[in-house]
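First the structure, in the form of structure tokens, and then the observations on it.
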Protein chains: 4
Amino acid sequence: MGKKKGPKYNQIIDAAVKVIASHGYHQAQVSKIAKEAGVADGTIYLYFENKEDILTSLFKEKMGHFVEIIRERIASETSVEDKLLILVKMHFEQLQADKHLAIVTQLELRQSNKDLRLKINTIFKNYLILLEELLTEGKEAGYFIADLDNRLARQMIFGTLDEVVTNWVMKDCKYDLIASAEPVHNLLLRAFRA
Amino acid sequence: MGKKKGPKYNQIIDAAVKVIASHGYHQAQVSKIAKEAGVADGTIYLYFENKEDILTSLFKEKMGHFVEIIRERIASETSVEDKLLILVKMHFEQLQADKHLAIVTQLELRQSNKDLRLKINTIFKNYLILLEELLTEGKEAGYFIADLDNRLARQMIFGTLDEVVTNWVMKDCKYDLIASAEPVHNLLLRAFRA
Amino acid sequence: MGKKKGPKYNQIIDAAVKVIASHGYHQAQVSKIAKEAGVADGTIYLYFENKEDILTSLFKEKMGHFVEIIRERIASETSVEDKLLILVKMHFEQLQADKHLAIVTQLELRQSNKDLRLKINTIFKNYLILLEELLTEGKEAGYFIADLDNRLARQMIFGTLDEVVTNWVMKDCKYDLIASAEPVHNLLLRAFRA
Amino acid sequence: MGKKKGPKYNQIIDAAVKVIASHGYHQAQVSKIAKEAGVADGTIYLYFENKEDILTSLFKEKMGHFVEIIRERIASETSVEDKLLILVKMHFEQLQADKHLAIVTQLELRQSNKDLRLKINTIFKNYLILLEELLTEGKEAGYFIADLDNRLARQMIFGTLDEVVTNWVMKDCKYDLIASAEPVHNLLLRAFRA
DNA sequence: CATGAATGAGCATTCATTCAT
DNA sequence: AATGAATGAATGCTCATTCAT
């Protein structure tokens with residue numbers, strides 16, 4: 001069981017996103033996802049351990065590269081300030097690019113049980129590491145205040161971005177999220193700048 | 001049905017907090033709450049419409065005054081900066097004072113369905129209003145930058161505080177949350193200060 | 001318990017008829033009957049053994065004299081044919097006179113469990129005895145065919161009257177039931193007349 | 001849901017008849033029916049929408065053809081009198097042939113709520129239509145009195161047959177019901193014959 | 001690989017009845 | 001006598017998961 005790969009693996013994940021986004025987490029039964037994916041209920045279990053595994057995998061597949069993409073794009077920048085701007089922009093861009101996914105990750109998946117949420121947090125660890133690297137780099141370069149508490153600053157960045165996105169999703173994604181990137185970036189810089 | 005009042009009303013709510021905190025949202029059956037409260041299952045329904053009503057009431061009773069208390073305490077301060085410090089401190093204090101409640105509000109209740117979460121958000125509206133008042137006051141007094149975007153700043157404050165508390169809860173509340181109040185306050189002030 | 005008499009006894013029975021007629025058998029909770037009667041739930045149990053006892057008593061009180069009244073009125077007639085006409089007329093009259101009661105006895109009370117219905121049948125026994133007496137009298141007087149099977153004839157009379165009344169109730173009692181008395185009487189006589 | 005077909009569909013209906021007949025309507029829990037049918041509780045819901053659907057289907061399956069069978073058998077007769085005799089005989093025969101079913105339809109199913117009973121009545125409508133056709137035919141052929149009221153006559157036939165069967169069921173089906181067909185037929189004919 | 005029929009544990013809620021006041 | 005708050009047993013239905021085909 002749980003043999004990943006094969007085209008059905010992605011079919012099922014995409015079906016899950018679609019079903020959860022349109023019916024909500026609690027109405028996303030395995031049979032509904034199977035139907036949407038065009039496979040039999042049992043087939044799901046050839047690709048995933050159990051229902052929770054679909055959701056965790058969904059998160060990994062869709063958000064796993066999230067950090068890598070940002071990290072790569074940032075590498076070519078020299079200034080920490082620009083790096084942070086890129087990060088904020090890309091965070092917003094990636095979620096605005098797939099509104100179904102935004103609904104799923106910001107609202108629906110948070111209704112999952114604690115275990116699932118813990119696994120999701122694991123995936124975020126790389127994001128947190130990236131944030132701390134950025135903060136350290138900023139401090140070492142003398143751009144950020146020397147005694148900035150990395151954990152706190154990281155929580156401020158992530159908390160702010162997450163709250164901004166969640167508010168946007170709750171307003172039905174009907175305004176331009178990316179337009180908020182620069183103002184948010186400015187506010188964060190003001191907080192951290194030496 | 002749903003005649004609030006009577007000591008049992010509070011007994012049941014306290015039992016719900018305890019049961020949810022120790023068993024988790026999805027393992028908090030009505031019968032378990034009743035047993036913990038020392039009443040019969042049916043008695044629950046003399047005080048609450050249904051299970052969701054227990055949770056909404058729990059939130060209203062425990063968090064409803066949250067904002068009022070902060071607002072009153074803040075009224076006696078003159079400086080906006082001090083007001084914000086009080087707010088951050090009290091936010092942390094109230095949650096650290098009842099760790100069970102912190103677990104319930106930061107982790108467990110967020111697993112509830114969309115309807116319940118919408119009701120919970122309604123209760124938060126007053127908090128957001130208070131935050132915006134504070135921001136406006138700060139701008140008018142010339143303490144905060146004149147073109148500060150209220151919505152963004154409010155999202156930064158709430159997002160940061162919420163993320164800080166959630167991280168603390170996920171680390172089993174084992175360090176002093178209140179100690180973070182001043183550093184958080186400093187960071188926020190840096191971001192907003194003219 | 002079950003001490004009959006006292007004005008509340010009748011209050012409760014009348015309330016039961018009203019509640020059952022307007023809300024239906026399955027929505028006639030004891031608490032609803034108590035409220036309608038203007039007494040506390042517990043008071044019901046000072047006058048009745050249990051819920052079933054309310055219904056049986058209701059039937060006894062309202063239908064118990066049914067047969068006696070008919071029997072008395074019939075006594076003064078000499079012809080069996082006229083006696084049967086009186087019986088049919090009075091059967092229809094008594095039910096048309098209290099439509100609430102007609103709904104309760106023809107439709108709602110038949111949803112009760114088998115035990116209750118058996119008790120109700122006991123009350124009807126006197127009616128069946130009266131019918132058989134009439135049939136025997138008719139046969140002895142030579143009006144009715146000599147080899148008329150009393151049981152069958154009794155079932156025909158009761159089955160027909162009951163079906164006619166039930167159809168009338170199901171049509172919302174909106175036509176004149178008593179007008180059917182003579183035609184029904186004629187048909188029955190044709191069947192039995194020597 | 002509710003995909004009729006498959007042997008289990010009939011297994012479940014037969015189990016329902018058996019369970020209701022032996023335990024009574026109010027003690028016929030879904031789990032009891034499932035156990036009797038030799039399937040899991042959940043399997044019931046692959047074949048029926050809900051519990052009420054089991055009972056309605058039971059009635060349709062077992063009584064739905066009742067009228068058709070009588071109608072077909074009657075078609076080959078020429079005399080109205082013989083047709084009526086066939087009808088009475090077959091009515092009794094079909095119920096005597098399955099005593100469990102007789103108990104269920106004459107006693108238990110009448111305890112069901114109004115909705116279910118309305119659905120049951122719909123099924124009976126064809127029976128009433130058949131009766132009226134027979135009466136009209138008899139009048140046109142000059143066998144029955146010209147001014148016979150169809151509705152009344154129909155109520156007399158149905159009321160009588162139903163009462164005869166119900167009495168038989170309440171006497172535990174311990175005498176021969178079919179033996180009553182001819183006497184009942186004679187009585188009815190006497191009532192209607194010109 | 002794929003199917004989908006079958007499984008069966010799990011739970012919120014109602015309401016007749018009691019009994020301390 | 002009268003109250004009404006408290007009781008707690010009882011049950012239809014869902015849905016993640018399995019396994020024979």
Side-chain angles (χ1 to χ4, degrees), chain A residues 1 3 6-8 26-35 37-55, chain B residues 1 3 5-9 12 26-35 37-54, chain C residues 1 3 6-8 26-35 37-55, chain D residues 1 3 5-9 12 26-35 37-54:
Chain A
M1 345 171 162
K3 306 161 196 161
K8 303 218 168 144
H26 290 290
Q27 281 306 305
Q29 295 87 349
V30 170
S31 62
K32 211 178 267 173
I33 294 171
K35 196 173 186 181
V39 301
D41 293 17
T43 305
I44 299 264
Y45 292 86
L46 298 174
Y47 294 90
F48 300 91
E49 301 268 357
N50 49 37
K51 188 180 180 181
E52 189 174 299
D53 188 31
I54 306 175
L55 306 176
Chain B
M1 335 167 171
K3 306 158 196 161
K5 287 174 189 175
K8 304 238 163 113
Y9 176 77
I12 293 166
H26 290 290
Q27 279 306 305
Q29 295 88 345
V30 171
S31 62
K32 213 177 266 175
I33 294 172
K35 197 171 186 183
V39 300
D41 292 16
T43 305
I44 298 266
Y45 294 88
L46 296 175
Y47 294 89
F48 301 90
E49 301 270 356
N50 48 40
K51 187 179 179 181
E52 186 174 304
D53 189 31
I54 307 176
Chain C
M1 348 169 159
K3 306 159 195 164
K8 303 220 167 141
H26 290 289
Q27 280 306 306
Q29 295 87 349
V30 171
S31 63
K32 209 177 267 175
I33 294 171
K35 196 173 187 182
V39 301
D41 293 17
T43 305
I44 298 266
Y45 293 86
L46 298 174
Y47 294 90
F48 300 91
E49 301 268 358
N50 48 38
K51 188 180 180 181
E52 188 175 299
D53 187 30
I54 306 176
L55 306 177
Chain D
M1 337 169 168
K3 307 158 195 162
K5 288 176 190 176
K8 304 240 163 113
Y9 177 77
I12 293 166
H26 290 291
Q27 279 306 305
Q29 295 88 347
V30 171
S31 61
K32 213 177 266 175
I33 294 172
K35 197 172 186 183
V39 301
D41 291 18
T43 305
I44 298 267
Y45 294 89
L46 297 175
Y47 295 90
F48 300 91
E49 300 270 356
N50 48 40
K51 187 179 178 180
E52 187 175 303
D53 189 30
I54 307 176

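Any value given below was found using the heavy atoms of this structure, including those in side chains, with hydrogens, waters and symmetry copies removed. Per chain, numbering begins at 1; letters A, B, ... match sequence-line order.
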Separation of E:dA16 atom P from C:Y45 atom OH, nearest Å, is 6 Å
Among the nucleotides F:dT17, E:dC11, E:dT7, whichever has the atom closest to the side chain of D:T43 is E:dT7
Tightest non-hydrogen contact, residues D:A37 and D:I12, listed as CB-CA, 4.0 Å
Against the side chain of A:K51, the closest entry in F:dG12, F:dA5, F:dA16 is F:dA16
- Could you tell me whether B:V30 contacts a base, only the sugar-phosphate backbone, or nothing, with contacts defined as non-hydrogen atoms closer than 4.0 Å? base
The reported gap from CD1 in B:I44 to OH in B:Y9 (rounded to nearest 0.5 angstrom) is 12.0 Å
D:E49 CD to F:dG12 C1', in whole Å, measures 14 Å
In whole angstroms, the gap separating P of E:dT13 from CG of B:D53 amounts to 10 Å
Taking every heavy atom of A:N50 against every heavy atom of A:Y45, the minimum-distance pair comes out as CA-CE2, 3.8 Å
Result for 5'-nearest mapping on DNA chain E, choosing between D:G38 and C:N50, is D:G38
Check this one for me: any side-chain N or O of D:K8 less than 4.0 Å away from OP1 or OP2 of E:dA6?
yes
In whole angstroms, the gap separating C1' of F:dG4 from CD1 of C:I33 amounts to 17 Å
Interatomic distance, CG@C:L55 vs NZ@C:K51, rounded to 0.5 Å, equals 6.5 Å
Among the nucleotides E:dG8, E:dA6, F:dA5, whichever has the atom closest to the side chain of D:A40 is E:dG8
Here the distance between atom P of E:dG8 and atom NZ of D:K32, to the nearest Å, is 19 Å
Under a 3.5 Å limit on both distances, the Watson-Crick or wobble mate of F:dA9 is E:dT14
Whichever of D:A28 and A:G42 has the more 5' nearest nucleotide on DNA chain F, that residue is D:A28
note: A:D41, atom CG; E:dC1, atom P; distance rounded to Å ~ 19 Å
Winner on side-chain proximity to C:Q27, out of E:dG4, E:dC15, F:dA5, is E:dC15
>> If the cut-off is 4.0 Å, is B:Y47 near the phosphate of F:dA6, judged by side-chain N/O to OP1 or OP2?
In response: yes
Taking E:dT3, F:dC15, F:dT7 as options, the one with an atom nearest any side-chain atom of A:L46 is E:dT3
Comparing B:I44 with D:H26, nearest DNA chain F nucleotide closer to 5' gives the residue B:I44
Open item on the list: Determine whether a donor-acceptor pair (N or O, by modelled atom type, separation under 3.5 Å) exists between the side chain of B:K32 and the backbone of B:Q27.
Closed with: yes
Taken to the nearest whole Å, NZ/A:K35 to P/E:dG4 is 12 Å
* Gap in Å between the two P atoms, one belonging to E:dC1 and one to F:dT21, rounded -> 23 Å
Distance col, row A:E52:CD vs A:I54:CD1, nearest 0.5 angstrom, shows 10.5 Å
Among F:dA5, F:dA9, F:dT11, the one nearest any side-chain atom of D:Q29 is F:dT11
Among E:dT3, E:dT14, E:dT17, the one nearest any side-chain atom of A:V39 is E:dT3
